[in-house]
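The figures here come from the full heavy-atom set of this structure, side chains too, leaving out hydrogens, waters and symmetry mates.
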Amino acid sequence: MKIKQSVRDFVRTICFLCIFLAGLTLPSYALKRETVKGQWNYTTKVGGFYQQEDNSIEVIALGSSHMYCSMIPNELWNSAGINSYILATQEQELSMTYYYLREALKTQTPKVIILETHMFNFYKKNVFKDAVGSNAIEPMRWSFNKLEMIQNVIPSENRYEFYVPLLKYHSNWSTWKQKDLEERYQGEMDPYRGFVFLTQTGDYPDMDKEVTIDDVDINEQDLTYLEKIIALLKEKDIPLLLFHAPSGTDDRLASSLAYLKEYAQENDVMFLDANEYIEEMEIDIQQDFFDPGHLNVYGAQKQTNFLSSYLQHYIKFDKAYSLTTRNQLQQEYEYYLSEFSE
Amino acid sequence: MSYVAYSFISFITISLFLYFLLPLKARKYVLLVSSLVFYSFAGLDDFFFVLITMMTTYLGARRLTVISSIKRKKRLLMYIIFFNLGVLLCLKFGGPTLSLIETLIGVEEHLPLSLWMPLGISFYTLQAVSYLVDVYRNKIKAEVNLLKYASYLLYFPTIVQGPITRYKEMKDQIWSAHRFNYKRVKFGGQLMVWGFFKKLVIANHLAIFVDGVFNEYTNYSGSIVLIACIFYSFQIYTDFSGCVDICRGISQMYGIDLMNNFEHPYFAVSIKDFWRRWHISLSSWLRDYVYIPLGGNRKGEIRKYLHILIVFFVSGIWHGVGYHYIVWGLLHGSLQVLSDFFQPMKHKCYQLLHISKENLLIKMFQIVITFMLVTVAWVFFRSPNTKGAIDMLLSIPHSFFSYESLFELGLNQREFKVLLFSLLILLVVSLLQEKIQLREWIEKLPIYIRWPLYLFALYSIIIVGVYGSGYDASAFIYMQF
């Protein structure tokens, strides 16, 4: 009799918990933060990657804002017929980039991976920024990669809110509008394929500044994740290009860049410091920068053309895409052109 | 680790699972280890202080049982009490006192003095003193088992904010093996949920409004300041009683019953009645270990009034550093003395006017008056200093009405509506609790009413509760004491 009662209590508890959890799905969906509009629409940009045809992308570019400001996949398609995608979010740490790479390789077999290097030792100590973590993690689909990323990248006291985003965004209830439901991400493509379209010209970098490198204090965590990235790509036999986008520099950045250059040589990894080719690319320092650290779309066009030649020189691309993919790439290029002309 | 932190929920879940999964004999150790783990989050420095209190009172109590001379016994008791209270007072007042001395003698470079206090020291010191005095008074036997005593003193649901428990009530409960009891766990869970509702939905919303107005009351009209004062009364109640409900709920799940620290204090009909309902464990501690040893009401009317004032003075000091806490305590003491003094006259008036004490209108009037007096006293408690409190209270009649929007003080219209609805729920629940055993009553409701009720409570907390990384005022008010 007692056992029967206990079983009944247990079943009731489980049923209650199931109803409770099921009931949470609606507010979780309605209240979560999504960036589906504007130039920095990471939800659409990262979400759009999942909409791509399997094994169709030949160039995957990873990194931070420096990456999504300096390469235009639409231009790469138009000039070289290469299908590429940028999987980058603001100030994305190398640790996060590693999980992005793992996630990308689940469905794609690219010919090359481009890894932008600004975040390597950008800060000597990795200081967790909630917004950075949110932009990188939230648009990613739930998977073991995402769970592992949260576990390994997010500080323990913040982890709960990444595992259960409702805990973080519950306070949106007080400003929530019916309209918010209509603006949910619905599996759209990002026509710019991860590129952030910035037309403004802002402060330009001081490229003539003398840089003195007296200490190379490498962040161990970044180095560990770089080693993991290299190991994973070697295992998959995919070449890696460490790419430093055009930007102003300082001692700290220069010291890590010098270290990386040497590291790349030792590990048989391609390395391209675009700052060395500013003149060759015909980048106008006063017109082609959005701010001292990032190119605008005009600068990105020039950078893409240069990158296109560089990649084609070192990598052999198949360019054998299905008709659907070709049509999609062409439509996206036309959309890009129409926006560009505006 | 705060009682409303995500990590605390994980901690409790793991601890409870271990407690009921391990054999009966091991369960008391799970409780002790849980308390040690919980306290270890506070840091080694904090641990050092609780260890000192534990060892001095444990060894002192053992020693008291072997000394036959009453004089020597008393001397030892005093030494240990003064030592422990001295540590508490030094930590509480040491920094501010040195700062004051530095200012008075004109030291330009101040010493780096922090207001650091070991976690729960105000609470566990009182528990340790009560244990020692009870051993001295032969009310309980000195504990031989140090682990059992440690379990009592470090018991994690009470160490941070009370209730201030007595060893006599706790010793058997804390060292017994409790079997899993579905109803107890369920009732404990309900109490926890109610505590979270009070803290996260009511107190934390009120805090947003109250903090904004109290910090810059000169910018607001009298009506807004008055609302903030009233809101603070509710904030401190829901904050403190919410925490106690969470702690009692957790304890109940383990099979341990803690005393109820609150009996709807804002239904009190006098200040005396208020203190019978507010922070009951502290009131009874002060009665048993301060008021009665001073002579209580056995030494004449004047001495009785003096004892009441001393008790409230001690209560003020215990609550915090600053004259305003003493003023708050003495205000309550004075009101109680006045109430006692005029009591016979009040009764005569009632008789002359043929008014029954049970008259509902009279009761309501008394409740409102008591609430207003308590609210005035809370202003002294909440303000950074006495002058600030007086200025704030005096500012209420000036420019009382204005066209300021209530919804521009940190809470928008939707949040304000939810807050008022939550306060209404609090009132209804409190009224029901006065009449019936509410949890037993809910238990008898059909499942199609009971479960939606539970779900409503849980979803309310998760969705409209104020918590998380974007909110930094989630610490409980009474944690600082």
> Does the side-chain contact (heavy atoms from CB on, under 4.5 Å) test come out yes or no for A:L115 and A:L94, once each step is laid out?
Replying inline: CA-CA 9 Å; A:L115 175 61; A:L94 220 58; 4.2 Å; yes
>> Run the ring-ring contact (aromatic ring centres under 6.0 Å, His included) test on B:F156 and B:Y39 for me, step by step, so that the C-alpha distance in whole Å, both residues' side-chain angles and the decisive distance to 0.1 Å come before the verdict.
In response: CA-CA 7 Å; B:F156 74 91; B:Y39 207 76; over 10 Å; no
> Within a radius of less than 6.0 Å around CD of B:Q437, do more than 12 heavy atoms belonging to other residues, nucleotides or ligands occur?
Replying inline: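 12 or below, so no.
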>> Run A:M96 and A:M149 through side-chain contact (heavy atoms from CB on, under 4.5 Å) and show every step you take.
In response: CA-CA 7 Å; A:M96 296 170 180; A:M149 170 150 60; 3.9 Å; yes
>> Measuring from atom CG of B:L420 to atom CD1 of B:I425, what distance do you get when rounded to the nearest 0.5 angstrom?
In response: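 Reported value, rounded in 0.5 Å steps: 11.5 Å.
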> CG/A:L62 to CD1/A:I229 distance, rounded to the nearest 0.5 angstrom?
Replying inline: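 Rounded to the nearest 0.5 Å, the CG-CD1 separation comes out at 7.5 Å.
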Using atom types as modelled and no hydrogens or angles, find all donor-acceptor pairs between chain B and chain A shorter than 3.5 Å.
unit_1, atom_1, unit_2, atom_2, d
B:Y6, OH, A:E161, OE2, 2.6
B:S10, OG, A:Y160, OH, 2.9
B:Y182, OH, A:T13, OG1, 3.4
B:N412, ND2, A:S174, O, 3.1
B:R414, NH1, A:W173, O, 2.6
B:R414, NH1, A:W176, O, 3.0
B:R414, NH2, A:W176, O, 3.0
B:E415, OE2, A:S174, OG, 3.3
B:Y459, OH, A:I19, O, 3.4
B:Y459, OH, A:F20, O, 2.7
B:I462, O, A:H170, ND1, 3.4
B:I463, O, A:H170, ND1, 3.0
B:I463, O, A:W173, NE1, 3.4
B:G465, O, A:H170, ND1, 3.1
B:Y467, O, A:H170, NE2, 3.3
B:S469, N, A:E161, OE2, 3.0
B:S469, OG, A:E161, OE1, 2.6

> Under a 4.5 Å heavy-atom cut-off, does chain B meet the side chain of A:I19, its backbone, both or neither?
Replying inline: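 For A:I19, backbone and side chain are both near chain B.
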